[in-house]
Amino acid sequence: MDRYLVFGHPVRHSKSPFIHTLFARQTQQELEYGLAEPAIDEFAHALRTFFDQGGKGCNVTVPFKEQAFTLVDRLSPRAKRAGAVNTIKLTDDGVLLGDNTDGAGLVADLKSHGVTLADSRILLLGAGGAARGALAPLLAELPSELLIANRTYTKAQQLAAEFHDLGPVTTQTYEQLAGPFDLVINSTSASLQGALPPLAPALIHTDIAIYDMMYGASDTAFISWAKQHGARQTMDGLGMLVEQAAEAFTVWRGIRPGTKQVLRELKRNLGVI
């Protein structure tokens with residue numbers, strides 16, 4: 001039976017085995033999917049060993065995505081742009097192909113919620129790996145402007161410079177931000193600590209769409225804050241998790257699974273519904 005893994009540290013909380021098992025059942029694919037939590041300095045060895053022992057593909061999560069980028073034989077165009085790899089496939093000719101499905105998962109989830117990206121003004125909070133992975137897929141949807149704001153302004157400027165050839169990407173400090181925005185995406189990890197990006201409440205209006213890449217059994221701090229200030233459409237990153245997994249499954253198996261039922265099952269598993 002074909003074997004797949006997710007590498008991370010920590011990774012025991014991962015819902016990837018749950019998601020991919022449902023995908024396999026739905027598409028009648030014979031595979032098994034497990035977890036691997038190597039020590040930080042043992043990831044390269046663990047990855048090589050997995051494929052040497054017949055592994056077919058893997059997902060890679062924190063903190064190994066940037067390291068995976070350097071360990072594969074070939075990179076997809078979107079992995080090159082993202083500077084990180086979250087999906088690896090052993091091709092039929094024995095090549096380790098590195099891909100990044102995070103941005104595609106984000107865009108797919110936004111569209112599933114009816115969010116219009118074309119000609120929209122998007123505010124992206126954060127300039128780390130999550131933001132980097134999202135930029136090219138978001139710009140491919142032809143927004144009127146994609147503005148990056150980050151606590152360390154020079155990081156936002158550097159990121160914008162790398163992607164300016166793909167579309168209208170600009171930067172501002174948090175203090176300079178002026179609306180209106182159609183969509184605000186929080187790519188920072190602030191919600192993991194129950195913290196908030198320093199965003200002015202005046203930027204929130206009833207017609208804005210709010211997206212937090214983090215998720216939990218209840219609203220993240222950012223989503224709760226946005227609701228308190230009048231946002232009617234708010235979304236967390238659980239759908240992105242499922243959509244990026246579906247994209248990875250497609251890379252591996254050549255068949256795209258449906259996501260709606262799997263997302264419902266995942267929400268039940270987490271106690272969200």
Side-chain angles (χ1 to χ4, degrees), residues 1-38 43 46-62 64-65 68-69 71-79 82 84-113 133 137 213 215 237-270 272-273:
M1 185 177 291
D2 291 346
R3 293 174 53 235
Y4 296 85
L5 285 177
V6 56
F7 285 94
H9 192 101
V11 80
R12 279 162 286 183
H13 67 285
S14 174
K15 294 300 179 183
S16 291
F18 180 86
I19 294 168
H20 283 286
T21 297
L22 291 180
F23 284 162
R25 190 179 305 160
Q26 177 196 120
T27 58
Q28 299 181 313
Q29 297 285 298
E30 293 288 328
L31 61 86
E32 61 181 31
Y33 190 107
L35 302 170
E37 190 175 290
F43 171 60
L47 186 70
R48 284 194 299 270
T49 300
F50 170 66
F51 284 107
D52 287 345
Q53 294 178 349
K56 293 293 185 181
C58 65
N59 289 127
V60 182
T61 188
V62 176
F64 300 128
K65 291 183 184 183
F69 182 88
L71 295 173
V72 296
D73 303 313
R74 195 165 72 226
L75 293 163
S76 72
R78 57 190 179 184
V85 161
N86 80 330
T87 300
I88 301 175
K89 175 185 179 179
L90 180 65
T91 66
D92 292 340
D93 54 356
V95 169
L96 288 186
L97 173 66
D99 201 352
N100 191 303
T101 66
D102 286 331
L106 169 65
V107 168
D109 192 36
L110 285 165
K111 289 183 175 180
S112 77
H113 284 94
M213 288 190 187
Y215 64 88
L238 196 61
M240 176 181 171
L241 175 68
V242 175
E243 293 291 351
Q244 67 81 24
E247 186 78 8
F249 192 93
T250 306
V251 169
W252 294 328
R253 309 300 293 186
I255 183 170
R256 187 168 192 89
T259 55
K260 290 183 179 179
Q261 182 59 36
V262 172
L263 180 57
R264 283 194 292 268
E265 292 295 331
L266 180 58
K267 286 181 177 179
R268 289 193 189 98
N269 180 264
L270 289 170
V272 177
I273 56 174

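As the structure is a computational prediction, the values presented were derived from the model and not from experiment.
- Residues meeting the side-chain hydrogen bond (donor to acceptor under 3.5 Å, both in side chains) test with Ser16, sequence neighbours left out: Ser14.
- Heavy-atom minimum distance, Arg3 versus Gln53: NH1-O, 3.6 Å.
- Remark: Ala79 pairs with Leu75, Ser76, Val85, Asn100 by the side-chain contact (heavy atoms from CB on, under 4.5 Å) rule, at least two apart or across chains.
- To the nearest 0.5 Å, atoms CZ (Arg268) and CG (Leu263) are separated by 10.0 Å.
- In terms of heavy atoms, Phe18 sits closest to Glu265 at CZ-O, 3.7 Å.
- For the atom pair CG (Leu47) and CG (Asp52), the distance works out to 9.5 Å, reported to the nearest 0.5 Å.
- In this structure, the side chain of Gln244 engages the main chain of Leu241 through a donor-acceptor pair within 3.5 Å.
- Ion pairing between Glu243 and Lys111 fails under the 4.0 Å rule for side-chain N and carboxylate O.
- Taking the side-chain hydrogen bond (donor to acceptor under 3.5 Å, both in side chains) definition, one finds that Glu37 meets it with Arg12, sequence neighbours left out.
- Taking a 6.0 Å sphere around NZ of Lys56, one finds it holds 12 or fewer heavy atoms contributed by other residues, nucleotides or ligands.
- Listed by chain and number, the residues in a ring pair (Phe, Tyr, Trp, His ring centres under 6.0 Å) with Phe23 are His20, Phe249 (sequence neighbours excluded).
- When each of Ile19, Asp109, Leu22 is paired with Val242, the side chain to side chain contact (heavy atoms under 4.5 Å, CB included) condition holds for Ile19 and for no other.
- Applying the side chain to side chain donor-acceptor pair (under 3.5 Å) test between Asp102 and each of Thr87, Thr61, Asn86 identifies Asn86 as the sole match.
- With sequence neighbours excluded, the residues satisfying side-chain hydrogen bond (donor to acceptor under 3.5 Å, both in side chains) with Tyr33 are Asn59.
- Under the side-chain contact (heavy atoms from CB on, under 4.5 Å) criterion, Thr91 pairs with Arg74, Asp93, Val95, Leu97, not counting sequence neighbours.
- When all heavy atoms of Pro137 and Ala104 are compared, the pair lying nearest together is CG-N, 3.9 Å.
- Note that CZ of Phe7 and CZ of Phe64 are 8.5 Å apart. Values are rounded to the nearest 0.5 Å.
- Closest of all the heavy-atom pairs between Ala24 and Leu31 is CB-CG, 3.8 Å.
- With hydrogens and angles disregarded, a donor-acceptor distance shorter than 3.5 Å links the side chain of Trp252 to the backbone of Ile88.
- Taken to the nearest 0.5 Å, the CG atom of Leu238 stands 6.5 Å off from the NZ atom of Lys267.
- Taking every heavy atom of both residues into account, Gly8 and Pro38 meet most closely at O-CD, 4.1 Å.
- A pairwise comparison of heavy atoms in Ala36 and Val11 identifies O-CG1, 3.6 Å as the closest pair.
- Although no hydrogens or angles enter the test, the distance criterion places a donor-acceptor pair under 3.5 Å between the side chain of Lys89 and the main chain of Val251.
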I would like to know whether Thr27 and Arg253 meet side-chain contact (heavy atoms from CB on, under 4.5 Å); could you show each step before the answer? CA-CA 10 Å; Thr27 58; Arg253 309 300 293 186; over 6 Å; no
